[in-house]
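Structure record follows, encoded as structure tokens.
Count residues from 1 along the sequence.
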Amino acid sequence: MTAQMTAAWIAQDGTRQAVGAVGLRPSPAHGAEVMGGAFPGPVQHETVVALIRAALATERHLYAYAEAHLLPEEALNMVGLHPVSAYTRMTGSLPSVPPVVPDGFSIVPLSEVGHLEDRWAAQQTYSDRIGHTHVTALAVQPDFGGSDDTLGRLAYDGSGVPVGICRASLHGEQAALETPGVRPDARDTGLRRALLLSVCGAVRVAGATHLTLEARGDTAAERAEDEALELVMEECTPIYASVTPEPANPLLR
């Protein structure tokens, strides 16, 4: 992560002890992500305010995960940032609903996708979403980050162009999925749900009974779609931004 940062600041108290630090990691469509924060304590809020103001002088378009122990929401509000989405983790029994693949699309196991160019294009389908960073060469390698390509799925459109992806891993009877990424022009087709349920079918065959679904930057409608599968919210960390995404897709209500 350090190598990806373009700027960083450290805050010190009167004894020159560090009380906080932030760095900026470029985002494909949302300026830069604020990494770091301030240590808990009596000067945490003023430290966060000072650090974010320094960052805003360099990059007007910022976003940050409002983790209470590093970047409290109250302090982010004080510098004009506001909630636009969230990181969420939902859990529940593995859905047994069969996938319905929309006309004009196909879904294949990631293990059958040998072209790294296709993997790269699929990973970029949701880089416009806040909370996502630039795709790296490592991220398109088979079984990236402990995922299992025999469980993951990649979607193609009718022209053979990658249009979506969903990765998964299995730990005993617990499956861990990343929210499906789908190209903007295909997000209202039902493809996201089809990808998710296709992966659910694969992990069920592999022995899973429960699901954890992590998402960054999903919309309220997508969250409701997941809740309709009887998944429940286990964790929700707001994402605050200095500039409202266009079009705005707030998750928090």
Side-chain angles (χ1 to χ4, degrees), residues 1-2 4-7 22-37 48 51-52 55-56 59-73 75-77 79-91 120-136 138-140 144-145 147 152 164-169 176-184 186-187 192 195-196 212-227 231 233-253:
M1 255 181 224
T2 304
Q4 299 175 25
M5 293 184 184
T6 56
V22 299
L24 299 184
R25 179 168 63 170
S27 165
H30 297 278
E33 177 184 356
V34 178
M35 311 292 293
V48 170
L51 288 168
I52 298 298
L56 285 168
E59 170 60 62
R60 185 179 69 90
H61 194 174
L62 299 178
Y63 74 87
Y65 289 89
E67 299 174 287
H69 66 295
L70 291 173
L71 295 169
E73 293 184 65
L76 295 176
N77 275 318
V79 286
L81 275 65
H82 52 274
V84 295
S85 190
Y87 159 81
T88 61
R89 184 170 68 240
M90 304 181 79
T91 61
W120 190 283
Q123 288 288 145
Q124 290 181 312
T125 57
Y126 52 167
S127 62
D128 65 298
R129 287 286 179 83
I130 196 164
H132 291 273
T133 56
H134 291 281
V135 179
T136 66
L138 181 62
V140 300
F144 168 69
S147 62
I165 190 170
C166 184
R167 290 183 176 273
S169 59
L177 277 66
E178 293 184 4
T179 186
V182 176
R183 201 171 65 195
R187 288 176 186 164
R192 178 187 182 276
L195 270 168
L196 177 60
T212 298
L213 178 65
E214 289 189 298
R216 296 167 180 81
D218 278 10
T219 66
E222 289 164 342
R223 175 188 175 187
E225 190 174 78
D226 297 337
E227 290 174 334
L231 300 179
M233 189 70 67
E234 185 177 74
E235 181 180 341
C236 181
T237 301
I239 299 176
Y240 273 64
S242 58
V243 178
T244 303
E246 292 294 342
N249 287 317
L251 176 61
L252 305 180
R253 292 174 287 183

- Query: Just wondering, do P26 and H134 contact through their side chains at under 4.5 Å, heavy atoms?
  - Reply: yes

- Distance from F144 atom CZ to S169 atom OG, nearest 0.5 Å? 12.0 Å

- Message: Once you measure the plane-to-plane angle for Y65 and Y87, does it fall in the parallel (<30°), tilted (30-60°) or perpendicular (>60°) bin?
- Response: perpendicular

- Only counting residues at least two apart or in another chain, list the ones meeting side chain to side chain donor-acceptor pair (under 3.5 Å) with R183. D157, D185

- Query: Hey, what do you get for CG (L56) to NE2 (H61), rounding to the nearest 0.5 Å?
  - Reply: 11.0 Å

- Message: Which heavy atom of C236 sits nearest to which heavy atom of A86, and what is that distance?
- Response: SG-CB, 3.8 Å

- Message: Can you list everything that forms a side chain to side chain donor-acceptor pair (under 3.5 Å) with Y63? Sequence neighbours excluded, please.
- Response: E33

- Can you name the closest pair of heavy atoms from R187 and D128 and give their distance? NH2-OD1, 2.7 Å

- Message: Quick check: closest heavy atoms across R129 and T219, and the distance to 0.1 Å?
- Response: NH2-CG2, 4.0 Å

- Between V22 and the options L70, L62, L51, the side chain to side chain contact (heavy atoms under 4.5 Å, CB included) test singles out L51

- Task: Keeping the roles fixed (side chain from T212, backbone from A176), state whether a donor-acceptor pair exists under 3.5 Å.
- Result: no

- Point-to-point distance, once rounded to the nearest 0.5 Å, from CG of D218 to CG of L213: 7.5 Å

- Where do G131 and I239 come nearest, in terms of heavy atoms and distance? CA-CD1, 4.3 Å

- Item | Over all atoms of both residues, closest heavy-atom pair of R167 and A139 | NH2-O, 3.0 Å

- Task: Give, for atom CD1 of I165 and atom CD of Q123, the distance between the pair rounded to the nearest 0.5 Å.
- Result: 4.0 Å

- Task: List the steps, then state whether side-chain hydrogen bond (donor to acceptor under 3.5 Å, both in side chains) holds for T179 with R192.
- Result: CA-CA 9 Å; T179 186; R192 178 187 182 276; 3.0 Å; yes

- Task: Test side chain to side chain contact (heavy atoms under 4.5 Å, CB included) on D226 and L196 and set out the steps.
- Result: CA-CA 9 Å; D226 297 337; L196 177 60; 3.6 Å; yes

- Message: Distance check, rounded to the nearest 0.5 Å: R89 atom CZ versus L231 atom CG?
- Response: 13.0 Å

- Note on the structure: Correct closest heavy-atom pair for L24 and A32 would be CB-CB, 4.0 Å

- Item | Distance in Å, T88 OG1 paired with E222 CD, rounded so as to fall on 0.5 Å steps | 10.0 Å

